[in-house]
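Right, one structure below, let's go through it.
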Amino acid sequence: MIKIDSDREFSLVKASFSIIKKINLKEIGFTKISDSNLYIYQSDEYKILNYSIKPQLIFSIYIEDEIIKIKLESISLKNLPNIFKTLKLNLEANIFSEKDLCKINRHISLRFENKNKLIKFISENFLNKFLNNLIDTISIRFDRKLIKKVLKAI
């Protein structure tokens with residue numbers, strides 16, 4: 001098993017935390033699942049290697065007095081080779097107030113479980129580079145999307 005992590009803390013916006021808490025999640029692309037705190041987000045299509053993917057993500061979003069907690073619960077990807085099915089993605093983000101800023105503390109981990117016999121012949125160095133590139137792409141994309149969606153909503 002190989003695991004790669006990406007952690008980042010950054011300022012989200014110079015706005016009141018109470019304004020961020022009032023964002024209408026439906027307006028920024030999140031569809032609520034019945035009476036739960038689970039939301040579906042249909043991502044735009046993007047490319048990884050030669051594959052075009054359009055993931056459907058399910059997040060749990062908890063809005064509390066001092067913090068907003070976002071956690072990826074599941075991800076649905078179609079038409080991908082088996083190598084991608086052995087990848088496990090975890091994503092957690094916390095939005096909180098610090099002085100006059102809203103900050104975000106984001107953690108993403110990508111885990112590869114070597115269950116495929118063919119993959120055992122690929123060097124661990126190559127797999128590490130592949131996973132690092134993949135987590136960089138995911139991290140940059142998530143951070144940009146989150147900032148863009150929040151700024152658009154306020």
Report the C-alpha separation of R106 and D143 in whole Å, then their side-chain angles, then the decisive distance to 0.1 Å, and conclude whether the salt bridge (charged side-chain N to carboxylate O under 4.0 Å, His left out) test is met. CA-CA 9 Å; R106 188 256 307 138; D143 295 348; 2.9 Å; yes

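- Residues S60 and E73 share a closest heavy-atom pair of OG-OE2, 2.8 Å.
- Between L134 and I138, the closest side-chain pair of non-hydrogen atoms falls below 4.5 Å.
- E9 CD to H107 NE2: the interatomic distance, rounded to the nearest 0.5 Å, is 14.5 Å.
- Hydrophobic clustering, with ILVMFWY side chains joined whenever heavy atoms are under 4.5 angstrom apart, keeps L101 apart from I95.
- Between atom CG of residue L91 and atom CD1 of residue I108 there is a gap of 4.5 Å, rounded to the nearest 0.5 Å.
- A distance of 9.0 Å separates CD1 of I104 from CZ of R8, quoted to the nearest 0.5 Å.
- Aromatic rings from F59 and Y39 are positioned such that their centres are separated by 6.0 Å or more.
- Residues I28 and N24 are not in side-chain contact: their nearest non-hydrogen atoms beyond the backbone lie 4.5 Å or more apart.
- Residues that satisfy the side-chain hydrogen bond (donor to acceptor under 3.5 Å, both in side chains) test with N133, not counting sequence neighbours, are absent from this structure.
- A side chain to side chain contact (heavy atoms under 4.5 Å, CB included) with F30 is found for one member of I23, I40, I61, L57 and no other, namely I61.
- Between N37 and I63 there is no side-chain heavy-atom pair separated by less than 4.5 Å.
- Across every non-hydrogen atom of I135 and I4, the tightest pair is CD1-O, 3.3 Å.
- Here the side chains of R144 and F142 are not in contact, with every heavy-atom distance at 4.5 Å or above.
- Remark: E64 pairs with no residue by the side-chain hydrogen bond (donor to acceptor under 3.5 Å, both in side chains) rule, at least two apart or across chains.
- At a threshold of 4.5 Å between non-hydrogen side-chain atoms, the residues E98 and F17 do not count as touching.
- At a threshold of 4.5 Å between non-hydrogen side-chain atoms, the residues I68 and N94 do not count as touching.
- Residues N90 and L72 form no side-chain contact, since every pair of their non-hydrogen atoms from C-beta on lies 4.5 Å or further apart.
- The environment of K22 atom NZ is sparse: at most 12 non-hydrogen atoms of other residues, nucleotides or ligands sit within 6.0 angstrom.
- Of the possible polar contacts, one joining the Q42 side chain to the P55 backbone as a donor-acceptor pair under 3.5 Å is found.
- Expressed to the nearest 0.5 Å, how far CZ of R141 lies from OG of S139 amounts to 12.5 Å.
- For the atom pair SG of C102 and NZ of K21, the computed distance is 10.0 Å after rounding to the nearest 0.5 Å.
- Other residues, nucleotides and ligands place no more than 12 heavy atoms under 6.0 Å from the NZ atom of K69.
- A distance of 7.0 Å separates CG in D7 from CG in N105, rounded to the nearest 0.5 Å.
- Annotation: K103, atom NZ; neighbour count of heavy atoms from other residues, nucleotides and ligands within 6.0 Å is above 12.
- The shortest distance between side-chain heavy atoms of F10 and I147 falls below 4.5 Å.
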